[in-house]
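Here is the structure we will look at, set down as structure tokens.
Source: prediction; values computed, not measured. When a residue number appears, it is its place in the shown sequence, counting from 1.
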Amino acid sequence: GTGFLFEDATPNALYDTIGWACATYYDRREEFDQLRMNAMSKDFRWDVSAKTYEDVYGWAIEARSAAFGDKH
């Protein structure tokens with residue numbers, strides 16, 4: 001993994017996730033260090049993200065064309 005995830009956008013979910021992260025930092029330091037190294041090895045440059053967005057839009061256009069033809 002590369003971090004901590006919470007599904008609900010609520011104060012309680014955020015609080016619980018911060019608690020989970022703190023517990024990992026203090027109680028399972030090797031796991032936390034591995035998370036940090038995993039995250040640092042990711043490429044977060046904008047050109048990489050932009051390429052991903054282009055790919056997603058391309059797939060969406062192809063799927064729509066396959067489903068509805070070129071009429072829409």
Q. CH2/Trp20 to OG1/Thr24 distance, rounded to the nearest 0.5 angstrom?
A. 7.0 Å
Q | Partners passing salt bridge (Lys or Arg N to Asp or Glu O under 4.0 Å) against Asp16 (at least two apart in sequence or in another chain) | A | none
Q: Identify, with sequence neighbours excluded, every residue that meets salt bridge (Lys or Arg N to Asp or Glu O under 4.0 Å) alongside Asp55.
A: Lys51
(Q) Measuring from atom CZ of Phe32 to atom CZ of Phe4, what distance do you get when rounded to the nearest 0.5 angstrom? (A) 5.5 Å
Review item, side-chain donor-acceptor pairs of residues 33-44, under 3.5 Å, at least two apart:
unit_1 : atom_1 : unit_2 : atom_2 : d
Asp33  : OD1    : Arg29  : NE     : 3.3
Asp33  : OD1    : Arg36  : NH2    : 2.5
Gln34  : NE2    : Asn38  : OD1    : 2.8
Asn38  : ND2    : Gly1   : O      : 2.8
Asn38  : ND2    : Gln34  : O      : 3.4
Ser41  : OG     : Asn38  : O      : 2.8
Asp43  : OD1    : Arg45  : N      : 3.2
Asp43  : OD1    : Arg45  : NE     : 2.9
Asp43  : OD2    : Arg45  : NE     : 3.2
Asp43  : OD2    : Arg45  : NH2    : 2.7

Q | Neighbour count above 12 (heavy atom, 6.0 Å) for Tyr15 OH | A | no
